[in-house]
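First the structure, in the form of structure tokens, and then the observations on it.
Residues take their numbers from the sequence shown, with the count starting at 1.
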Amino acid sequence: MSPEPTTSASATSAPATSASATSAPATSASAAPGGAYIHNIGYRHYDGPRLGRAYARRSLFSQSLRGAYGLGRSAKSKVLPMLLFAVMCLPAAIMVAVAVVTKSGSLPVSYSRYAVYLQAVIGLYLASQAPQSVSRDLRFKSIPLYFSRPIERSDYVASKFAAMTGALLILTGAPLLVLYVGALLAELDFADQTKGLAQGLVAVLLLSLLFAGIGLVVSAITPRRGFGVAAVIAVLTIPYGAVTAVQGISFAQGNEAAVGWLGLFSPITLIDGVQSAFLGGTSSFPNGVEPSTGAGFVYLLVTLAVIAGCYALLMRRYRKAGL
């Protein structure tokens, strides 16, 4: 985005209000409507390059991604995201150390299941960072300033969505790389570990897209960050608790077929169903019940539909510039 022309008096050769410095004299009070005066205050013309929408999108994406980890913000803002990042990576490092010491033939947890195990950490990160990504713009009414530049609402939504997805992908993908490097150091099979890593990266990419969409939609509803944090936590935890409880009841009653379908009603169980059906992971459903291949396709379609729906809701939310 190109710099704005300066209105500072020091940027001109003489004070802007001086009659001798102006190229055109002020109009008389009788010639101006309502007794107004028009002065040439010496605006400096800008002849530099106009960087346009692409630069604006990249800048907004970069700023939002850096802000998700507190970069460019106060030291206090860096503590929680960096702490949660360390918490995500620590179990992976411990698993690698155990595999190396015991000379185990496999890792304790598959790549595609790692994020499911640490869903609470991911939820806390999303609840802390999604509201700060969008709620502050709403609270301080800076959205019209964004749209006054060569940027449209689609650019704003796409940049914010991509930045939040990228932040979650860093959070969930870094531990998988730790597992992979450790597995190679433990001399585990290279082909198996590479395949597992690829499957795990697909799983965390889907999770990042899904969670980013849900977190941003919920956070964009209110300009109050505290309400946004509570709402994101509620949206992630309440459906999961309800689905888990109903799945347990259904399994206890011998209705195993219902256990697999009930996972469609919670974000994390959606990802669990996809990774157990297609990405070589095991299910965390009661007794390890896994969705069938047909049900797995339904899980995948519902996941993609929720992602697309969240994006559409964000576009609708930012339809008006004067939010």
Side-chain angles (χ1 to χ4, degrees), residues 91-92 95 105-123 126 165 168-169 172-173 175-176 179-180 183 188-189 191-215 217 235-313:
M95 292 178 190
S106 62
L107 293 172
V109 177
S110 65
Y111 292 94
S112 59
R113 258 192 75 65
Y114 187 86
V116 177
Y117 274 119
L118 293 173
Q119 57 176 296
V121 181
I122 301 171
L126 180 67
T165 300
L168 287 170
L169 191 58
T172 55
L176 302 188
L179 286 175
Y180 181 70
L188 302 184
D189 185 75
D192 288 343
Q193 298 307 313
T194 303
K195 178 182 177 182
L197 175 64
Q199 292 173 330
L201 291 176
V202 172
V204 297
L205 175 60
L206 282 175
L207 183 146
S208 299
L209 286 167
L210 180 64
F211 275 39
I214 293 173
V217 166
V235 168
L236 293 179
T237 58
I238 293 177
Y240 174 72
V243 166
T244 302
V246 177
Q247 281 180 326
I249 295 172
S250 298
F251 180 78
Q253 294 177 348
N255 192 359
E256 292 189 8
V259 172
W261 292 106
L262 287 169
L264 293 169
F265 300 98
S266 165
I268 192 62
T269 53
L270 273 175
I271 300 300
D272 196 3
V274 172
Q275 65 89 24
S276 62
F278 300 116
L279 300 175
T282 57
S283 172
S284 59
F285 295 168
N287 202 37
V289 174
E290 296 183 358
S292 63
T293 302
F297 278 109
V298 176
Y299 271 77
L300 180 60
L301 289 175
V302 171
T303 301
L304 296 176
V306 173
I307 294 170
C310 289
Y311 187 85
L313 288 174

So which heavy atom on Thr172 is nearest to which on Ser208, and how close? OG1-OG, 3.7 Å
If I compare all heavy atoms of Leu206 with all of Ile307, which pair ends up nearest, and what's the gap? O-CD1, 4.2 Å
Do Thr244 side-chain atoms and Gly241 backbone N/O form a donor-acceptor pair below 3.5 Å? no
Drop me the distance from Leu169's CG to Leu201's CG, to the nearest 0.5 angstrom. 7.5 Å
Residues Gln247 and Val259: closest non-hydrogen pair is NE2-O, 2.8 Å
Shortest non-hydrogen pair, Leu236 vs Tyr240, comes out as O-CB, 3.5 Å
Please round to the nearest 0.5 Å and tell me the distance separating atom CG of Leu188 and atom CG of Asp192. 9.0 Å
Checking Leu168 against Leu207 for the side chain to side chain contact (heavy atoms under 4.5 Å, CB included) test, could you report, in this order, the C-alpha distance in whole Å, the side-chain angles of both residues, the deciding distance, and whether it holds? CA-CA 8 Å; Leu168 287 170; Leu207 183 146; 5.6 Å; no
I need the minimum non-hydrogen distance between Cys310 and Val217, along with the two atoms involved. O-CG2, 3.3 Å
Please check if the side chain of Tyr299 supplies one atom and the backbone of Ile271 the other of a donor-acceptor pair under 3.5 Å. no
Could you tell me whether the side chain of Ser266 reaches within less than 4.5 Å of the side chain of Leu270, counting heavy atoms only? no
Single hit among Gln193, Lys195, Gln199 for side-chain contact (heavy atoms from CB on, under 4.5 Å) with Tyr111: Gln193
Tyr114 versus Ala92, closest heavy-atom pair with distance: OH-N, 3.1 Å
Test: salt bridge (charged side-chain N to carboxylate O under 4.0 Å, His left out). Region: residues 277-289. Which pairs qualify, not counting sequence neighbours? none
Only distances under 3.5 Å count here; give the side-chain donor-acceptor pairs of residues 273-286 to other protein atoms, sequence neighbours excluded, each with its distance to 0.1 Å.
from, atom 1, to, atom 2, distance (Å)
Gln275, OE1, Ser112, OG, 3.1
Gln275, NE2, Asp272, O, 3.3
Gln275, NE2, Asp272, OD1, 2.6
Gln275, NE2, Thr282, O, 3.0
Ser276, OG, Asp272, O, 2.9
Ser276, OG, Gly273, O, 3.1
Thr282, OG1, Arg113, NE, 3.4
Ser283, OG, Phe285, N, 3.0
Ser283, OG, Val289, O, 2.9
Ser284, OG, Asp272, OD2, 2.3

When rounded to the nearest 0.5 angstrom, what is the spacing between CG in Leu210 and CG in Leu126? 10.0 Å
